Amino acid sequence: MTDMVFGTVAARPGEPVLSRWWRTLDRWTLAATVGLFLIGLLLALAASVPLAEKNNLPQFHYVIRQVVFGIVSLAGMLWLSMQNPVTIRRLGVLGFVAVFLSICALPVLGTDFGKGAVRWYSLGFISLQPSEFVKPVFVILVAWLMAASFDIAGPPGKLLSFVMAAVLAALLALQPDFGQAALVLATWGMMYFVAGASMPLLVSLAGVVSAVGFVAYNNSEHFARRIDGFLASDVDPTTQLGFATNAIREGGLFGVGVGEGTVKWRLPDAHTDFIIAVAVEEYGLVLCALIIALFLVVVLRSFARLQRERDPFARLAGTGLAALFGMQAFINIGVAIRLLPAKGMTLPLVSYGGSSLMAAGITLGFLLALTRRRPQDELTEALVEGRRR
Amino acid sequence: MTRRPLRPLAGIIGARSRGEDPARIEAHRKAERLHAERAQERRRAQWRLTLMGAFFICAFGTATARMAVVANSDPEEPSAISSSVPVSADRADIVDRRGRVLATNLPTWALYVQPNLMVDPRAAARGLSKVFPDIDAAAMEERIRRGRFFWVKQSISPEERQRVHDIGEPGLQFAPRETRLYPAGRSVAHIIGAAGFGQLEVYAAELVGTAGVERWFDTRLRDPAKTGVPLELSIDLAAQVAMHDVLEDAMERYTAKGAAGIVMDVHTGEIISMVSLPDFDPNHRPQDPSDPRLFNRAAQGVYELGSTFKVINNALAMERGIARPDTLVNTSGPLLWGRFKISDMHNMPKQLSLTDVLVHSSNTGSARLAVMAGTKAQQDLLKRLGFFEPTSIQLGEAAQAKPLLPGRWSELSTMTISYGHGLAATPLHLAAAYATLTNGGLKVNPTLLHDPQAPTEADRVVSEETSLHLREMMRAVVERGTGKNAAVPGYMIGGKTGTADKPQPTGGYSHNKVMATFAAVFPTSAPKYVVIVTLDEASTQAYGRTWRTAGWTAAPTMANAIRRIAPVLGMRPLPKTGPQEAPPPLLVRN
């Protein structure tokens, strides 16, 4: 009562923004993110020099660019991580509309930089690849649609989101960018799994796939040869993969030493798609293990936090973003060691590239915002549970 | 979905009687139901998230394990190439119609520098400059010290490789290469084209066709399933070499600027030989794409082919029913058309038979016949003989050689085209047309592949009777007309000379620069081959004056060519039936 005096400063409800942000933030993920970015810079020092020399630019031209893009991306990530889920949802859905339109306009306005596939917008100082940016905002859109279907008498969000996923995958496949299309579909699948795909459906699907695979392997010589060839231990040394494999061999446990690697001179994509080969060659398996551990920290920490999340939108969106991030990293690493067939996919945060880095910043900004600790109505739920028993 | 209340109405009534608000109860129940659903979903999501976490742990664990396995496997020197690596012949050979090799692969080595293995750049640079005189030691050392991988030489010989070995520098490395080798050398230069390195890798380099047959059949030659099967061309290497020799000799004798020769199977259009001079060694192809030696005169060059077209004109006259071989044609001259005057090189009788129009090569007679047949009919025949399109031969260069037709096809054009001026085409066009006209009248398309496809009745252009008469007329040209110098005893050669004034760059025609052509078919009794010989600006001295007409230059060259080629192709001369001496050179007309 004594507070209600004319002229006193109104107390702000709750604590200051920054301290609340810091208290509720998933600091492990943040630390892993920054760690990955720093490793990326370290590798850019090694891997982007050949490219700079080839293009007659100062030696560390691309490193400096990477630093600038990195600062922009990290700042964007921190700003996004301070937003609440509703803002994230609005930004994400609006962003999706914008990026989707820009992908549709690619054949008219885009450029292929002479690489065959029209994937880029050239803005002079920077070229943007919309298919990198579409992934995080697509996840937000799908989460919004799926969460809406949880409401009683809600719209058929799961079906709608599947249609969106199929359309987007088709657009990406037309570019042609099959890797990104597959990634979009896989991310949707993981979100659908967490959103409650029926177990019998999943089990029967898995059963059918493995049965068909088994029958095909036993009955089709062609199919069996493909599988055996993929699983075989020796690799044609004349391909990019061959060089990557050799680089990993050369590196061994502790690497050949800083700046001593040779693969970066031979592989045209050493600074992007095969950055992990450069990492292993120069710094050894140790650095590679560290990189994998950091990716795993991001994914597992986010999943752990999302288990406590009550809001379906935040849970689904968070799941999708973490799965997207983890899968892209896994695909990139898996290609270099021939666990997966070759696909052009960057290693998020580590590979050189403005689009890739900024998209990773957006993904992690969304993820950090959604995994922040929020008041959950645990008490009410306990009461409901209690009453039901 | 939780069950709805069984009896809402009863509930509402009950609540009302207790004085409660039924709407609130409904809302409360709905919220409760939603809550329960949410809780169930959350529990489901919890274990599914755990499952996905486990999935990612497995995935990344597998990746790490695999990475560890690869990293700890035996390091394979990326740059150490031993001869144990099999060098695959990844480009098929090309052979002639009898299996003689025209193009094959030779394993060689490329030399490169691996700076991080380099021990002594200075010594290495000096050593290299000694082995390869074109390498400057100082510049090479500078380049090595820059610390970047680079190629020194794309193909070196075994001796050079040994000498580089002897430098004893581990930073000098060799990469296996396949070098395309053309054993037939210059004789097949324009047909075979070239292959160059595509993608360069340390372990191998792909060979990509860049010209000629090598480029046209590039996909076929590189097809891994067919690299063991050579590509068989229609060329006969022996005939090709003979033609090459004869033309080279003729170029020298008649001081010609260039020459072209074609031998074609009359029935199938297979090209047995095709030579263009001046030429080059395909193993050391000129680098400058504008080098005139690269130009294929036989398939790429379009020229006015002169009186050789009179054979086509006679075919037109017979097909249209205007004349038979013995019909008399008005050959009085000069023939006036507007301000143009068509005349013959010497005075003709007032009338000549159709055969003699060809034998004496009368321009006025041919022009009159063409006018009688009409522009439309002439265009139609030329079109069916293939003079409106580039030839279909399997050379990318030839696909650009579209014949030059008159922009406005006036009656004057019809008259001049009847004796081969005003329409320019390649010698290959002419060969195909002659084959079509003399083989019985069926259209053939020139081909370089050895899989004969005989034309059918559907491809008929002129009647068999016309074809027979044409052969008799062409035989008469060689027996008693302008082509006497082309006669070879024992081979029934028929043919036609053609001397076309060359157009001047400034417009109009030159009077002392001619393109001399002889187009022949033999034997005329049962035709097998069409042979074309073309000499550019050839001339010869006889009886105290300079002769440039085809009868003096191209016709004797044709005789030499057939004398050499016919036996190679397995043709016997007919036994002598009487005192058949080669006639002494006479004054001949074009």
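None of these values were measured; they are calculated from a predicted model. Here is how names work: the chains are called A, B, and so on, in the same order as the sequence lines, proteins then strands, and each is numbered from 1.
Taking the side-chain contact (heavy atoms from CB on, under 4.5 Å) definition, one finds that A:Ala143 meets it with A:Met191, A:Phe313, A:Leu316, A:Ala317, sequence neighbours left out. Applying the side-chain contact (heavy atoms from CB on, under 4.5 Å) test to A:Ala32 and every residue at least two apart in sequence or in another chain returns A:Leu294, A:Val297, A:Val298.
The two residues B:Ala63 and A:Ile333 come nearest to each other via the heavy atoms CB-CG2, 4.2 Å.
A heavy-atom distance below 4.5 Å is not found between the side chains of A:Arg310 and B:Arg38. Considering only heavy atoms from C-beta on, B:Phe56 stays 4.5 Å or farther from A:Phe295 through its side chain. Put simply, the side chain of A:Arg315 reaches to within 4.5 Å of the side chain of B:Glu41, judged on heavy atoms.
Between the side chain of B:Arg48 and the backbone N or O of A:Phe193, at least one donor-acceptor pair lies under 3.5 Å.
If you measure heavy-atom distances from A:Ala323 to chain B, the contacts under 4.5 Å come from both the backbone and the side chain. A:Glu281 does not touch chain B: none of its heavy atoms, backbone or side chain, sits under 4.5 Å away. For chain B, the nearby parts of A:Val194 are the backbone and the side chain; heavy atoms of each come within less than 4.5 Å. Residue contact with chain A, scored on non-hydrogen atoms closer than 4.5 Å, involves the side chain of B:Leu51 exclusively. When heavy atoms are compared at a cutoff of 4.5 Å, A:Ala197 approaches chain B by way of both its backbone and its side chain. Interface residue A:Leu306: backbone and side-chain heavy atoms are both found under 4.5 Å from chain B.
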*Stepwise, does the side-chain contact (heavy atoms from CB on, under 4.5 Å) test hold for A:Gln307 with B:Trp47?*
CA-CA 8 Å; A:Gln307 290 197 334; B:Trp47 73 262; over 6 Å; no
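Ranked by heavy-atom pairs shorter than 4.5 Å toward chain B, the options A:Val299, A:Thr319, A:Leu285 are led by A:Leu285. In terms of non-hydrogen atom pairs under 4.5 Å with chain B, the most contact-rich of A:Ala195, A:Pro312, A:Gly284, A:Ala293 is A:Pro312.
Note on ring orientation: taking the six-membered ring where Trp is involved, the planes of B:Phe60 and A:Phe330 are perpendicular (angle over 60°, cut-offs 30° and 60°).
Remark: A:Ile292 CD1 to B:Met67 CE distance equals 5.5 Å, nearest 0.5 Å.
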